[in-house]
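Only heavy atoms go into these numbers, but all of them, side chains included; no hydrogens, no water, no symmetry mates.
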Amino acid sequence: MLSWEDLPEWWGQVLTLSNPVRRSYWKLLLFSGLRMTDAATVRWEDLRDGVLHRPNPKGGRTRAYDLPLTRQAQIIFEEARAAALQLDPKSPWVFPADSSFGHVQNMRELKAFPGVWPHDLRRTYATACAEAGVDPYTIKLLLNHAMDKTDVTSRYVQPSAGHVANAAQRVADFLDGKLEFVGNAGLTRRLRRSLPQLRLEPCRSEDRRGLS
């Protein structure tokens, strides 16, 4: 994982990436805890009703889950939408790229930050969950980790969607605080204040044509 001491320097490097799609991709990895393939394969249709739906994560379709959209994640997706509309307006992918799959490919992305793997950011997110005071069962839900079958209590604990959403926001705010003095973190806070109730809807075809 990235230590809290190293995180600001890494974030500053993210902000210098010339490709806005790649910038948004790496930002999402940090603020969502998604596995790198889950992040790379997000489609606009996966964003709905205040959640990011992951239909086929690690473990297959039976492990499909919804990740609550925090204010920070909504801002990142709005940045990604603006970039995608300019670079590839007809793409169904949130992070389009000139690749065989049509979206960003992780092996290319690994070259952007030598020594930092996308999964390092997942570990950083998990650590943020713990330090922000999120309980272990909710951390597992946010990371889409399977519950321990030997833990009888886990069969009883069924956190509500609202509880999970509040926990996700607490983690995002915790991470935001770690970036307080870096680059455009202040811009992120201003956007957060100006768009507190932002509702992100799937990008419509007419929206795409408008910026093609």
Side-chain angles (χ1 to χ4, degrees), residues 1-15 23-39 42 50-52 54 57-59 63 65-77 79 106 109-110 112-148 150-151 153-154 156-193 195-196 198:
M1 63 164 278
L2 282 173
S3 68
W4 302 133
E5 292 75 20
D6 293 335
L7 184 63
E9 180 181 357
W10 173 84
W11 182 259
Q13 293 174 343
V14 170
L15 299 181
R23 284 200 305 270
S24 297
Y25 170 72
W26 282 93
K27 288 179 181 180
L28 182 66
L29 286 173
L30 174 63
F31 275 95
S32 68
L34 285 170
R35 295 181 175 90
M36 56 184 182
T37 299
D38 278 338
V42 174
V51 300
L52 167 60
R54 303 316 301 127
K58 181 180 179 181
R63 296 288 303 160
Y65 72 111
D66 292 333
L67 185 67
L69 285 177
T70 63
R71 290 186 293 270
Q72 289 84 349
Q74 291 177 44
I75 291 167
I76 291 169
F77 280 118
E79 291 177 353
N106 290 305
E109 292 304 313
L110 293 178
F113 303 107
V116 178
W117 288 67
H119 212 74
D120 291 333
L121 301 177
R122 184 168 166 82
R123 296 186 180 98
T124 299
Y125 182 87
T127 301
C129 287
E131 294 195 17
V134 179
D135 66 271
Y137 299 112
T138 304
I139 293 176
K140 284 180 176 289
L141 291 175
L142 290 173
L143 295 173
N144 200 36
H145 281 168
M147 294 293 180
D148 184 354
T150 64
D151 183 355
T153 306
S154 68
Y156 290 82
V157 178
Q158 302 290 328
S160 67
H163 171 83
V164 177
N166 288 336
Q169 188 58 60
R170 193 189 320 161
V171 176
D173 290 341
F174 178 90
L175 287 167
D176 216 0
K178 294 297 182 181
L179 302 172
E180 182 177 0
F181 302 108
V182 185
N184 72 347
L187 174 62
T188 300
R189 289 195 298 276
R190 287 196 297 274
L191 282 171
R192 199 170 61 201
R193 286 196 297 268
L195 300 172
L198 179 63

### Query
What residues, two or more places apart in sequence or in another chain, satisfy ring pair (Phe, Tyr, Trp, His ring centres under 6.0 Å) together with Y137?
none

Smallest separation among heavy atoms of [X] and [Y], with atom names:
{"X": "V134", "Y": "R170", "result": "N-NH1, 3.7 Å"}
{"X": "F31", "Y": "A172", "result": "CE2-O, 3.5 Å"}
{"X": "L143", "Y": "G33", "result": "CD2-O, 4.1 Å"}
{"X": "L69", "Y": "Q74", "result": "O-NE2, 3.4 Å"}
{"X": "K27", "Y": "V14", "result": "CG-CG1, 4.1 Å"}
{"X": "L142", "Y": "C129", "result": "CD1-SG, 4.1 Å"}

Nearest 0.5 Å, please: how far is [atom2] in [Y] from [atom1] in [X]?
{"X": "E5", "Y": "K178", "atom1": "CD", "atom2": "NZ", "answer": "8.0 Å"}
{"X": "N144", "Y": "R63", "atom1": "CG", "atom2": "CZ", "answer": "4.5 Å"}
{"X": "W10", "Y": "L121", "atom1": "CH2", "atom2": "CG", "answer": "4.5 Å"}
{"X": "W11", "Y": "L179", "atom1": "CH2", "atom2": "CG", "answer": "5.5 Å"}
{"X": "L7", "Y": "L175", "atom1": "CG", "atom2": "CG", "answer": "7.0 Å"}
{"X": "T127", "Y": "F174", "atom1": "OG1", "atom2": "CZ", "answer": "9.0 Å"}

Tell me, do [X] and [Y] make a side-chain contact under 4.5 Å, heavy atoms counted?
{"X": "P159", "Y": "L141", "value": "yes"}
{"X": "I139", "Y": "H145", "value": "no"}
{"X": "S24", "Y": "F77", "value": "no"}
{"X": "Q72", "Y": "D176", "value": "yes"}
{"X": "Q169", "Y": "R71", "value": "yes"}
{"X": "L34", "Y": "Y125", "value": "no"}

### Query
Salt bridge or not for K58 and D38, using N-O below 4.0 Å?
no

### Query
salt bridge (Lys or Arg N to Asp or Glu O under 4.0 Å): which pairs involve residues 122-136, sequence neighbours left out?
D120-R123

#### Entry: Under the side chain to side chain contact (heavy atoms under 4.5 Å, CB included) test, residues paired with D6 that sit two or more places apart
L2, S3

### Query
Going through the distances and angles, do T138 and H163 end up as a side-chain contact (heavy atoms from CB on, under 4.5 Å)?
CA-CA 8 Å; T138 304; H163 171 83; 3.0 Å; yes

### Task
May I have the step-by-step check of side-chain contact (heavy atoms from CB on, under 4.5 Å) for L52 and S32, ending in yes or no?
CA-CA 10 Å; L52 167 60; S32 68; 5.7 Å; no

### Task
Start with the C-alpha gap between W26 and L15, add the side-chain angles, then the distance that decides, and say whether side-chain contact (heavy atoms from CB on, under 4.5 Å) holds.
CA-CA 10 Å; W26 282 93; L15 299 181; over 6 Å; no

